[in-house]
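Report on the structure given below.
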Amino acid sequence: MSKAVLRVAQIIGVLVLAGIAVGFVVGLVQWVLAAAVIVAIPLGGWWLYRQMSGRNPKPAVRPGGSKTVAGPSGDRRSELEGRAVLDAAGRCGWCGSATLHKDEFGFPTTPLAHHRAEIDAMLGLRPRTE
Ligand SMILES: [Zn+2]
């Protein structure tokens, strides 16, 4: 055997070994990914179940009748903002107007945007002046 042939055989051997190593690593990565997915699915379901069941047993109990004065203003705001929407007939839920509200440029605007100042005023905030 000449030296050149030995050299070529050596290179081929290294290449084959490298190919096996790469194939092994790729296979390992695929296996790890598959295992991660298999583990993540039931784990995710379990986590979701815990999130859901952890929130449910607490029904929002509100003292009926009396208006909560000291309550957070976010509640009152969302209540008022919930009224400033278009109903099924396209009327403004805030003022009952059947025509679409328009802003100062004549473009149609949402009831919420149109009555924002009134909502702020009812919340005790100063209306926005620009
Ligand atoms: Zn309106």
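Whatever order the structure lists ligands and atoms in, that order sets their numbers, starting from 1. Just so it is clear, the model here is predicted, and its values are computed rather than measured. Residues take their numbers from the sequence shown, with the count starting at 1.
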When the side chains of residues 98-107 are checked against the rest of the protein, which donor-acceptor pairs come out under 3.5 Å, sequence neighbours left out?
residue: Thr99; atom: OG1; partner: Ser97; partner atom: OG; Å: 3.1
residue: His101; atom: NE2; partner: His115; partner atom: NE2; Å: 3.1
residue: Asp103; atom: OD1; partner: Phe105; partner atom: N; Å: 2.9
residue: Asp103; atom: OD1; partner: Gly106; partner atom: N; Å: 3.1
residue: Asp103; atom: OD1; partner: Phe107; partner atom: N; Å: 2.9

Just how far is it from atom CZ of Arg7 to atom CD1 of Ile11, taken to the nearest 0.5 Å?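 That separation rounds to 5.5 Å.
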
Roughly how far, to the nearest 0.5 Å, is the CD atom of Glu81 from the CG atom of Leu123?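 Rounded to the nearest 0.5 Å, the CG-CD separation comes out at 8.0 Å.
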
Check the Zn ion (ligand 1) and write out every protein N, O or S atom at under 2.8 Å, as residue and atom.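 Listed by chain and number, the atoms are Cys92 SG, Cys95 SG, His101 NE2, His115 NE2.
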
Report all side-chain donor-acceptor pairs from residues 86-93 shorter than 3.5 Å, counting only partners two or more places apart or in another chain.
residue: Asp87; atom: OD1; partner: Ala89; partner atom: N; Å: 3.0
residue: Asp87; atom: OD1; partner: Gly90; partner atom: N; Å: 3.0
residue: Asp87; atom: OD1; partner: Arg91; partner atom: N; Å: 2.8
residue: Arg91; atom: NH1; partner: Gly96; partner atom: O; Å: 3.2

Any Leu112 side-chain heavy atom under 4.5 Å of Trp94 side chain: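 When only atoms from C-beta onward are counted, Trp94 and Leu112 do not touch, as no gap falls below 4.5 Å.
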
Please tabulate, for side-chain N and O atoms in residues 20-46, each donor-acceptor pair with protein atoms closer than 3.5 Å (sequence neighbours left out).
none

